[in-house]
Amino acid sequence: MKSWWKDSIVYQIYPRSFQDSNGDGIGDIPGIISRLDEIKDLGAQIIWLSPVYKSPDADNGYDISDYYSINPKFGTMADMDRLFKEAAKRDIKIIMDLVINHTSDEHEWFQKSRDPSSPYRDYYIWRPGKNKRRQGRAKLPNNWTGFFMDKAWEYDEKSGEYYLHLFDKKQPDLNYKNPKVIEEVKNILRFWLDKGAAGFRCDVINVLYKTSLENGKNSLAVRGIEHYKSQEGNHEILREIHSDVLARYDCFTVGETVMVDLKEAKLLCDENRRELDMLFYFDHLEIDRRIAQFIPKKFRADKLMEVITKWQIGLDWNALYLENHDQARIVSHFGAAEKDRSFGNKLPADSKPGKYWQQSAKVLALFELTLRGTPFIYQGQEIGMTNFDFKSLDELDDVVSHGLNKLLKKMCIPGFLRWKWIKTSSRDNARTPMQWDDSEYSGFSNAKPWLGVNGNYKYINYAAQKNAPDSILNFYKTLIALRKNSDCLIYGKFLPVYADTRLIIYQRKYENKTYTVALNFSSRTVKVPLKHVDLLTRPLVVSTLGRTECEDTLLPWEGVLVH
Ligand code: GLC
Ligand code: CA
């Protein structure tokens, strides 16, 4: 079925790093309003706004202390209302980030819940320590470990018990066995939908329901996950929220689903089950990393093709993304921002990007925008922003980077190796301020920003690309405009054609139309296998290098679209 959220491009904003309006070095809502024209100009029709709710910012807003008010750092509720209004004027809808697996420990519910006799006690998951009467400290209620490289329980003096937290200890998990919690959540959704939200990006949405609190199987990371990942109880909650709330509005949901496999994903976004409209999986971004995502492994285009094919064919509709606020910048990851293949390479802070920086960013754009699904573009991706050359752990803000460092230290991993892994995997790579122009602090702010500006902002910035016809920004615009007018590019069936370590070829088919896409993910010229040459020996609709014909070769980091 066709729908507006399938036809649209989504642009993700990480508010604290997008645009500062009042000179405190932190991006804010009035700042976003002042940049709506740029988003409109890109061709996006939906904004996904990372959390702007009240929060002590232990995890940059993913720890909410009040779902009904705005973090003063970002502005006021009046600013938020103005954002909805100004966006609507430009035909832009906004989806909110829904973080409901956990709240902040500073949320009123949690504060009350610390009293064992409070009616809020059951809003969270409290358990006594094990073997309490034995001498010494009681043991944790079970052996689970969380997603942030830490144990999953924290002791609370006031309660005399432990509470469960799958993320930071300042992010206690809500108890979804308590129907009152689900009612609270429905009210939050209604509140934002009534304000004008067009839907939600649902944070870690497949781990809400903890079926049991038994010990987990032995495993290096997230021990215990088999007791809460994509459980039947979780499916039921999503269906209940859908039928009681979402079904009454013209809105959509995209779920962030951790460690999800295709079988689970099919259930979660089966149209008839009415749970989620689409979801973010992680498989494709993990093809060149091992163990909890931080140890690099060689990139292979055929591996990427294998994963993408599995999901393109496996699900009816995909959420397409290469970047977000938790991931490395794609041009530094699969692309060639620095030297050649770059994951792990160094980009001197103020130097120009590598020879194939622009070309590889365009190949990645062509890739994302010619798959079947709704494309999500993360702020800065459209200008090819790169990872940051962080010099030391002090420059990093990300709780996960600090957690990882502690864990690796415990495992006796030497400092230089720890740093190498942390630096390339840190979520802060994506969180440095948006590079708007080449003035001090990159036009993001007139004060020192909360996180360092990437030293390459003089070369990589929005203003420089706006009027350069061959810029990455203009290439995104071209592709978005092309896609907007093509049922084949939006709704066409995906057909894999060919893949080797450098080159992939696939097609999109719709009624009597066919598009062929060929992408060279390397800095060498590649020959198209004889068998497929006829697919490409026609006039090109698009070449990332501006060529009009490619015959049987693709130049280094060239991608083509053929009708
Ligand atoms: C999601 C968010 C991430 C956050 C985590 C806990 O993965 O994208 O930024 O830290 O959930 O809420
Ligand atoms: Ca500000």
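Atoms within a ligand are numbered from 1 in the order they appear, just like the ligands themselves. Throughout, numbering of the chain's residues begins at 1 and tracks the sequence.
- Residues F18 and W436 place their aromatic rings such that the two centres sit under 6.0 Å apart.
- Those atoms of ligand 1 that come under 4.0 Å of a heavy atom in R427, given as number and element, are 3 (C), 4 (C), 9 (O), 10 (O).
- Within the set D168, D203, N101, the minimum heavy-atom distance to atom 1 (C) of ligand 1 is found for D203.
- Close contacts of ligand 1 with R201, meaning ligand atoms under 4.0 Å from a residue heavy atom, involve 2 (C), 8 (O).
- Looking at heavy atoms from C-beta onward, S425 lies in side-chain contact with L404 at the 4.5 angstrom threshold.
- In this pair, Y281 and H284 present their aromatic rings perpendicular. The plane angle is above 60°, beyond the 30 to 60° band.
- Within ligand 1, counting atoms from 1 as listed, the ones closer than 4.0 Å to a heavy atom of H325 are 2 (C), 3 (C), 8 (O), 9 (O).
- The minimum heavy-atom distance between S113 and W126, with the atom names listed, is OG-NE1, 2.7 Å.
- Every heavy atom of Q327 sits 4.0 Å or more from the atoms of ligand 1.
- Here is the list of ligand 1 atoms found below 4.0 Å of a heavy atom in F167: 6 (C).
- Residue S21 holds its OG atom at 11.0 Å from CD1 of I26, rounded to the nearest 0.5 Å.
- Looking only at heavy atoms of the protein, atom 9 (O) of ligand 1 is closest to D326 OD1, 2.8 Å.
- Atoms CG and CZ, from L83 and F74 in turn, are 12.5 Å apart once rounded to the nearest 0.5 Å.
- Closest to atom 4 (C) of ligand 1 among all protein heavy atoms lies D59 OD2, 3.2 Å.
- Per-residue contacts place H102 under 4.0 angstrom from the following atoms of ligand 1 (heavy atoms of the residue considered): 6 (C), 12 (O).
- One finds no salt bridge joining R190 and E183 here, because no Lys/Arg side-chain nitrogen approaches an Asp/Glu carboxylate oxygen to under 4.0 Å.
- Pairs engaging residues 192-211 under the ring pair (Phe, Tyr, Trp, His ring centres under 6.0 Å) rule: Y53-W192 [sequence neighbours left out].
- Less than 4.0 angstrom separates some heavy atom of R431 from each of these atoms of ligand 1: 9 (O).
- Under a 4.0 angstrom heavy-atom cut-off, F147 registers as lying outside contact with ligand 1.
- Each protein N, O or S atom less than 3.0 Å from the Ca ion (ligand 2) was counted, giving 5.
- Scanning the protein heavy atoms around atom 7 (O) of ligand 1, the nearest turns out to be E256 OE2, 2.8 Å.
- F390 pairs by the ring-ring contact (aromatic ring centres under 6.0 Å, His included) definition with F388, not counting sequence neighbours.
- In summary, the aromatic rings of Y123 and H107 are positioned with their centroids too far apart to meet the 6.0 Å limit.
- At a 4.0 Å heavy-atom cut-off, ligand 1 does not touch Y14 at all.
- Residues L238 and N234 form a side-chain contact, since some pair of their non-hydrogen atoms from C-beta on lies under 4.5 Å apart.
- Between F110 and Y124, the ring planes are perpendicular. Angles over 60° get that label, and only those under 30° would be called parallel.
- Ligand 1 places these atoms under 4.0 Å from at least one heavy atom of F148: 10 (O).
- Pairs engaging residues 398-409 under the salt bridge (charged side-chain N to carboxylate O under 4.0 Å, His left out) rule: D398-R427 [sequence neighbours left out].
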